[in-house]
Amino acid sequence: MDLEQEREQQHFSECRELIAENIEYYEEKARQGKAETEALFAAVASGDVELYNQLIVSKDVQEHNERQLRKNRAAYVKPYFGRIDYREEATSQEEQLYIGKNGVSRDKTNVVVVDWRAPVSTLYYENELGPGSYEVPEIGEIAVELKLKRTFDVSDGQLLGYYDNDTAANDELLVKYLSQNKDVILGDIISTIQKEQNEIIRQSPFRNLIVQGVAGSGKTTVAMHRISYILYNYEERFRPDEFCVIGSNDMLLGYITSGLPELDVYHVRQLRMDAFFRELLGKEWKKSYRLAELSRKESFKSKLEFVEALDGYLKELRHKLFDQVQVTDKILGVILSGESIQRTLMENPRDSVARIYRLLNERIRTRIRFLVPEDNKDFCRDKQKEYRGYFYQGPELKNLVGMYHDFLKGYGEDHGILVESVLAHTARGQFDVYDLAALALIQKRMTEKEFYEEYGQIIIDEAQDFGAAVYYVMKQVLHQCYFTIMGDVSQNIHYETGMNDWEALTEGVFAGERAGFYLLAKSYRNTIEISEVAGRVLEQASFGKYKIQPVIRHGAPVDFCKVGEQEMGEKTAALLSEIKGRGYGTIAVICRNQAEAEAVEQDLEARGVFREGETEAAGSTLDFRQGVMVLPIQLTKGLEFDSVILWNPDREAYSESQGDAKLLYVAITRALHELHIVYHGELSGLLEEER
């Protein structure tokens, strides 16, 4: 061991000793806090309500101490992963900083390990040796001369070695991490964030981001780390409960947000897209609303053209309600002129009809007070009473479904589109996500009483699964909110309704806004062997527009296994036993649809494949977990598994169409290390040449 290695080993040991002291300190603080909180809770429960505020403060302090304890325990296993040495150009001050997942301090002013989210850490992720800079929020750019960038290989509290390189997380270390099982990879991801990922994570929170990322490019990871980064650096501007993560199903949401506590993020909301619009529509919709499946013949509702036409209809209706209108009294004369009313409309373009009515009624009250002499208070009061509620929103202007139906009938006639099925199921109280979006827009324009300002940051994962219509409505309703939109158009499993390109958003919804489009082309998930199969399917899924650039990591060849129809279950069970024997913890059997998944699961269960607690994986709301899961493709979106068995991708299940190619691409790219294709009969033409 040379002198530099000895120095690093000594620093590593000293750092762990400090963390051990911190752990002991916070263990005692946590014990004391728990005892105090329990005593206060008992006192309040016994009737001493004056102690309630003290109980809330005590719970907050206890939560803080427990978080610090968790962070220090994690840091004890891996105190840091990087080091940077640099000189500040303005002051000539020399700095040597160690960077870790959790910041570690000796006291309030003496930082021993810098948190990865700190602005200076971007030097580690992005800068090469030599002149560079990093941006500090509210301050600006700091110029530096970067002299050293070092990456440490740490495992189970042991410093195994280090690498000096111009780029963080060099390929040797990155491939080492990617070769491990899924749960291990998640634990090390912060130390292997790449330059293009870091750039997105650290973008200003006051921008709308649209990110196209191929399968395995780390879109979800980037989104979750971006939340953590914003809350760390902009804590005075954003609270955790102002963030909402939106996805297509509960399993995906649970999966992508399960790691947030590890990133020091708590209390972030998560909603399915349909539930988000239901929340916008209010409590009454939670009682009467039933979710309907979107029919292909109703796919027109997902398009930007449709929702823009609806908005145009509502704006025209709003204009008609106030056109040629003025308020005139026989005694007082003109109270509100038509010109004044039109000016009110122009000055409040985002206000609903309900808000305009309220504003105009208040202006009438004020104008009467101005027009009536001060010594005639009784007359003034009587006149104000006479004109109270002059502008009144009748039942027809509060009936969201009725207005939606009126628009649909006209739209269908103008565009030659059959809308009878939409009218029928919405009349029965059944609404798909695009119906709900349309109703939310009608509410925004017609009946909204107060601006909806609950969220400041919306993060949407697997964004390509939804058409542009939902994003248009979200932008209109949450006009002061900022969006991070993550997706891959090559994985759009709703071909007729989702997005097959990003133009509707970049050139339509967010045109002229503070927005940026980013591309993540490198895949960190699959082996070369799996990526090659996926890449050729991708050519047919998106005409090769967004190609995969895999990290150079080899694995086992893709296993094509043809058996008789009656041997499918037996072969799959045998494969599962072999895969488990190789130590893989997350395994998926991916089927074409829900019905097939349920049938396969029953067959495998009868063969004794599942351990206790592993059955019912084909359900639509279960959590992602270790072990074997049998899932339809639509529930695997955004997930990844150590090993995947693709069940019977034959010509009947997957035609040589762009839509089916996207489905198959999704299924193939779920596999981290192994992909097995078990089938009988004729293999889909999308895969036939890959054998």
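All values below come from the heavy atoms of this structure, side chains included, with hydrogens, waters and symmetry mates left out.
- Note that the CG atom of D241 and the CZ atom of F243 stand 10.0 Å from one another [nearest 0.5 Å].
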Enumerate, atom names and distances included, each donor-acceptor pair closer than 3.5 Å involving a side-chain atom of residues 405-415, sequence neighbours excluded.
from, atom 1, to, atom 2, distance (Å)
H405, NE2, T426, OG1, 2.8
H415, ND1, Y411, O, 3.1

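- Between the CG atom of L436 and the CG atom of L441 there is a distance of 13.0 Å, given to the nearest 0.5 Å.
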Let me see the working for Y266 and E63 under side chain to side chain donor-acceptor pair (under 3.5 Å), right down to the final yes or no.
CA-CA 11 Å; Y266 304 85; E63 184 176 345; over 6 Å; no
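- With sequence neighbours left out, L321 forms a side-chain contact (heavy atoms from CB on, under 4.5 Å) with V353, Y357, L397, M446.
- Y472 and E308 share no donor-acceptor pair across their side chains, judged by distance under 3.5 Å alone.
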Before you tell me yes or no, could you show the steps for E598 and Q594 under side chain to side chain donor-acceptor pair (under 3.5 Å), namely the whole-Å CA-CA distance, both residues' side-chain angles and the distance that decides it to 0.1 Å?
CA-CA 6 Å; E598 291 174 355; Q594 181 76 23; 3.1 Å; yes
Could you tabulate the donor-acceptor pairs under 3.5 Å formed by side-chain atoms of residues 457-464, not counting sequence neighbours?
from, atom 1, to, atom 2, distance (Å)
Q457, NE2, P205, O, 2.8
D461, OD1, T220, OG1, 3.4
D461, OD2, T220, OG1, 2.8
E462, OE1, Q464, NE2, 2.9
E462, OE1, K637, NZ, 3.4
E462, OE2, G638, N, 3.3
Q464, OE1, D488, N, 2.8

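- Within the structure, salt bridge (charged side-chain N to carboxylate O under 4.0 Å, His left out) pairs that include any residue of residues 492-505 comprise R296-E496, E503-K545 (at least two apart or interchain).
- Contact between R226 and R202 at its shortest, heavy atoms only, is NH1-C, 4.4 Å.
- Side-chain atoms of R592 come within 3.5 Å of backbone atoms of A653 as a donor-acceptor pair (strictly under, hydrogens ignored).
- Taking the salt bridge (charged side-chain N to carboxylate O under 4.0 Å, His left out) definition, one finds that K297 meets it with nothing, sequence neighbours left out.
- Remark: the backbone N or O of G282 is not paired with any side-chain donor or acceptor of Q443 at under 3.5 angstrom.
- When all heavy atoms of V666 and T636 are compared, the closest pair comes out as CG1-OG1, 3.9 Å.
- Among residues at least two apart or in separate chains, salt bridge (charged side-chain N to carboxylate O under 4.0 Å, His left out) pairs with a member in residues 421-438 are K301-D432, K301-D435.
- For N361, the side-chain contact (heavy atoms from CB on, under 4.5 Å) partners at least two apart in sequence or on another chain are I364, Y390, F391.
- Smallest separation of non-hydrogen atoms from F300 and L418: CE2-O, 4.1 Å.
- A salt bridge links D378 with R381: the distance from a Lys NZ or Arg NE/NH1/NH2 to an Asp or Glu carboxylate oxygen falls below 4.0 Å.
- With sequence neighbours excluded, the residues satisfying side-chain contact (heavy atoms from CB on, under 4.5 Å) with R369 are R365, T366, C380, Q384.
- Minimum interatomic distance between Q491 and Y665 (heavy atoms only, all atoms of both residues): CG-CE2, 3.6 Å.
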Determine, stepwise, if the pair K475 / N208 fulfils side chain to side chain donor-acceptor pair (under 3.5 Å).
CA-CA 10 Å; K475 187 70 176 63; N208 298 304; 6.0 Å; no
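- Side-chain contact between Q197 and L520 is present, with at least one heavy-atom pair separated by less than 4.5 Å.
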Pair I341, L360 - check side chain to side chain contact (heavy atoms under 4.5 Å, CB included), show working.
CA-CA 8 Å; I341 292 172; L360 291 176; 4.1 Å; yes
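- R363 and S340 are linked by a side-chain donor-acceptor pair at a separation below 3.5 angstrom, with hydrogens and angles left out of the test.
- Around the CZ atom of F206, the shell of radius 6.0 Å holds more than 12 heavy atoms that belong to other residues, nucleotides or ligands.
- The side-chain heavy atoms of L345 and R318, taken from C-beta on, include a pair separated by under 4.5 Å.
- E242 meets the side-chain contact (heavy atoms from CB on, under 4.5 Å) test with R237, F238, R239; sequence neighbours excluded.
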I would like to know whether L271 and C244 meet side chain to side chain contact (heavy atoms under 4.5 Å, CB included); could you show each step before the answer?
CA-CA 7 Å; L271 291 170; C244 185; 3.9 Å; yes
Evaluate side chain to side chain donor-acceptor pair (under 3.5 Å) for E339 paired with S337, printing each intermediate quantity in order.
CA-CA 5 Å; E339 180 182 349; S337 67; 5.2 Å; no
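- Note that the CZ atom of F306 and the CG atom of L310 stand 6.0 Å from one another [nearest 0.5 Å].
- Here the side chains of D465 and Q634 are not in contact, with every heavy-atom distance at 4.5 Å or above.
- With rounding to the nearest 0.5 angstrom, the CD1 atom of I210 is 13.0 Å from the CG atom of L519.
- Under the ring pair (Phe, Tyr, Trp, His ring centres under 6.0 Å) criterion, the residue pairs touching residues 421-449 are W285-F431, with sequence neighbours excluded.
- Judged as a ring pair (Phe, Tyr, Trp, His ring centres under 6.0 Å), the pairs with a partner in residues 435-469 (not counting sequence neighbours) are, in order, F451-H479.
- T447 and Q393 share no side-chain donor-acceptor pair at under 3.5 Å.
- More than 12 heavy atoms of other residues, nucleotides or ligands lie within 6.0 Å of CD in E396, so this atom counts as buried by the packing criterion.
- When atom types are taken as modelled, the side chain of D323 and the backbone of H319 share no donor-acceptor pair closer than 3.5 angstrom.
- Between A468 and L304 the shortest heavy-atom distance is CB-CB, 4.1 Å.
- A donor-acceptor distance shorter than 3.5 angstrom exists from the side chain of R207 to the backbone of A515, with no hydrogens or angles considered.
- Residue-environment remark: NZ (K59) stays at or below the threshold of 12 foreign heavy atoms within 6.0 Å.
- Note on residues 446-457: pairs passing salt bridge (charged side-chain N to carboxylate O under 4.0 Å, His left out), not counting sequence neighbours, are R269-E454, R355-E450, R358-E450, K444-E448.
- For V600 against C591, the heavy-atom pair with the smallest separation is CG2-SG, 3.9 Å.
- Between the side chain of N249 and the main chain of L635, no donor-acceptor pair closer than 3.5 Å is present.
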